[in-house]
Amino acid sequence: MEYRYDLKISEHREVYPPSEDSQLFIESLDIIQGEKVLEIGCGSGIVSMHCALNGAVVSCGDINPYAVELTRKNAEQNGISLDVRETDVYSAFSEKYDTILFNLPYLPAEEDEYDGELVKSWAGGKDGMGPLPELLAHAPEHLVSGGRVVVVVSSLMDQDRLKEVIGDRTASVLAELPLFFERLQILQIQF
């Protein structure tokens with residue numbers, strides 16, 4: 001998909017703004033017409049909106065109520081239809097999807113060291129895994145046969161733990177971005 005700069009994107013101080021990882025994520029995705037996509041951790045809604053603009057039927061959610069409100073606002077002001085729900089990983093979703101997306105909180109840090117909703121978008125616990133183990137463990141319940149999970153991961157995450165959580169599933173790198181202090185990758189995991 002191509003990253004579009006002409007979308008109207010409002011921001012909120014408690015919601016992760018579109019950044020380099022968002023752009024990398026969008027540009028690495030291959031979305032087809034009619035594909036059912038679920039984005040967990042939608043933030044501003046930028047990834048979900050790009051998927052919808054490429055023909056996907058998109059549901060998305062976030063644990064942060066400000067992100068849910070902001071995604072709805074951004075979709076509305078761009079004339080894009082999204083099903084947006086407040087959720088803790090899959091708690092608000094029971095349907096099956098072709099693709100599950102997650103730009104997870106991947107920086108090693110303890111959430112309780114910081115205040116506010118924004119920290120939940122980047123603080124991934126001591127190992128940087130955040131809710132990724134839960135997301136992958138329950139993905140089969142939310143994916144059609146042959147579905148995929150696509151996630152953003154960081155070189156700062158505990159790499160041994162990441163391999164353990166992915167297990168024997170096939171994982172491929174769709175894109176990489178070296179930054180000053182880390183290397184980001186977009187991983188596609190087949191189910």
Side-chain angles (χ1 to χ4, degrees), residues 1-31 37-54 56 58-78 80 82 84 86-89 99-111 113-125 127-132 135 149-159 162 173-189:
M1 288 190 313
E2 186 176 324
Y3 191 83
R4 290 190 42 190
Y5 295 94
D6 59 342
L7 291 176
K8 295 177 194 169
I9 303 296
S10 296
E11 295 185 8
H12 187 283
R13 63 178 162 49
E14 291 292 338
V15 178
Y16 187 74
S19 302
E20 296 108 337
D21 53 352
S22 310
Q23 182 173 348
L24 180 70
F25 202 15
I26 290 164
E27 291 176 346
S28 72
L29 292 172
D30 182 21
I31 299 296
V37 172
L38 171 62
E39 183 186 14
I40 300 296
C42 56
S44 69
I46 189 88
V47 174
S48 287
M49 288 190 295
H50 274 83
C51 290
L53 288 171
N54 281 271
V58 182
S59 296
C60 59
D62 205 296
I63 194 170
N64 178 346
Y66 299 113
V68 171
E69 183 180 314
L70 184 60
T71 294
R72 286 182 179 138
K73 176 182 178 179
N74 283 332
E76 184 178 315
Q77 68 188 8
N78 286 284
I80 297 171
L82 299 176
V84 187
E86 188 171 337
T87 190
D88 184 1
V89 188
T99 300
I100 296 171
L101 307 174
F102 194 11
N103 186 354
L104 67 142
Y106 52 72
L107 292 178
E110 289 299 324
E111 280 186 39
E113 294 175 18
Y114 306 93
D115 290 328
E117 290 293 323
L118 182 60
V119 70
K120 294 176 185 174
S121 68
W122 59 265
D127 59 7
M129 298 298 290
L132 184 60
L135 181 95
V149 172
V150 184
V151 295
V152 180
V153 297
S154 167
S155 58
L156 299 177
M157 297 169 80
D158 180 326
Q159 297 301 303
L162 179 60
V173 177
L174 300 180
E176 275 188 322
L177 179 64
L179 296 172
F180 173 67
F181 61 94
E182 69 179 324
R183 185 183 77 255
L184 297 179
Q185 291 183 324
I186 309 301
L187 283 187
Q188 176 173 281
I189 304 161

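Computed from heavy atoms alone, side chains included, the values below leave out hydrogens, waters and symmetry copies.
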Mind checking the [atom1]-[atom2] spacing from [X] to [Y]? Nearest 0.5 Å is all I need.
X      : Y      : atom1 : atom2 : result
Glu176 : Leu184 : CD    : CG    : 9.5 Å
Lys8   : Glu76  : NZ    : CD    : 11.0 Å
Leu70  : Arg72  : CG    : CZ    : 11.5 Å

- Message: Whether the Glu182 and Ser154 side chains hold a donor-acceptor pair (N or O, under 3.5 Å, no angle test) is what I'd like checked.
- Response: yes
- Compute whether any side-chain donor of one residue and acceptor of the other, for Gln23 and Tyr5, lie under 3.5 angstrom apart. yes
- Message: Taking side chain to side chain contact (heavy atoms under 4.5 Å, CB included) as the criterion, tell me which of Leu24, Val150, Val47, Asp21 meets it with Asn103.
- Response: Asp21
- Run the side chain to side chain contact (heavy atoms under 4.5 Å, CB included) check on Met49 and Asn78 step by step: do they pass? CA-CA 9 Å; Met49 288 190 295; Asn78 286 284; 4.0 Å; yes
Any heavy-atom pair between the side chains of [Y] and [X] that's under 4.5 Å?
X      : Y      : answer
Met1   : Cys51  : yes
Val173 : Ile186 : no
Val152 : Phe102 : no
Leu38  : Cys60  : no
Leu7   : Ile80  : yes
Leu29  : Leu101 : yes
Leu53  : Arg4   : yes
Pro18  : Tyr3   : yes

- Item | Partner set under side chain to side chain donor-acceptor pair (under 3.5 Å) for Thr71, not counting sequence neighbours | none
- Item | Results of side chain to side chain donor-acceptor pair (under 3.5 Å) for Gln77 - residues two or more places apart only | Ser10, Asn74
- Task: Could you give me the CA-CA distance, side-chain angles and deciding distance for Leu135 and Ile100, then say whether side chain to side chain contact (heavy atoms under 4.5 Å, CB included) is met?
- Result: CA-CA 9 Å; Leu135 181 95; Ile100 296 171; 4.2 Å; yes
Side chain [X], main chain [Y], donor-acceptor under 3.5 Å:
X      : Y      : answer
Ser22  : Ser19  : yes
Glu39  : Ser48  : yes
Asp62  : Ile40  : no
Gln159 : Met157 : yes
Asn54  : Ile31  : no

- Walk me through it: do Arg183 and Leu177 pass the test side chain to side chain contact (heavy atoms under 4.5 Å, CB included)? CA-CA 6 Å; Arg183 185 183 77 255; Leu177 179 64; over 6 Å; no
- Message: I need the minimum non-hydrogen distance between Ser28 and Leu174, along with the two atoms involved.
- Response: O-CD1, 3.9 Å
- Are Ile63 and Val89 close enough, and set up right, to give a side chain to side chain contact (heavy atoms under 4.5 Å, CB included), and what steps lead you there? CA-CA 7 Å; Ile63 194 170; Val89 188; over 6 Å; no
- Item | Set of salt bridge (Lys or Arg N to Asp or Glu O under 4.0 Å) partners for Glu69, sequence neighbours left out | none
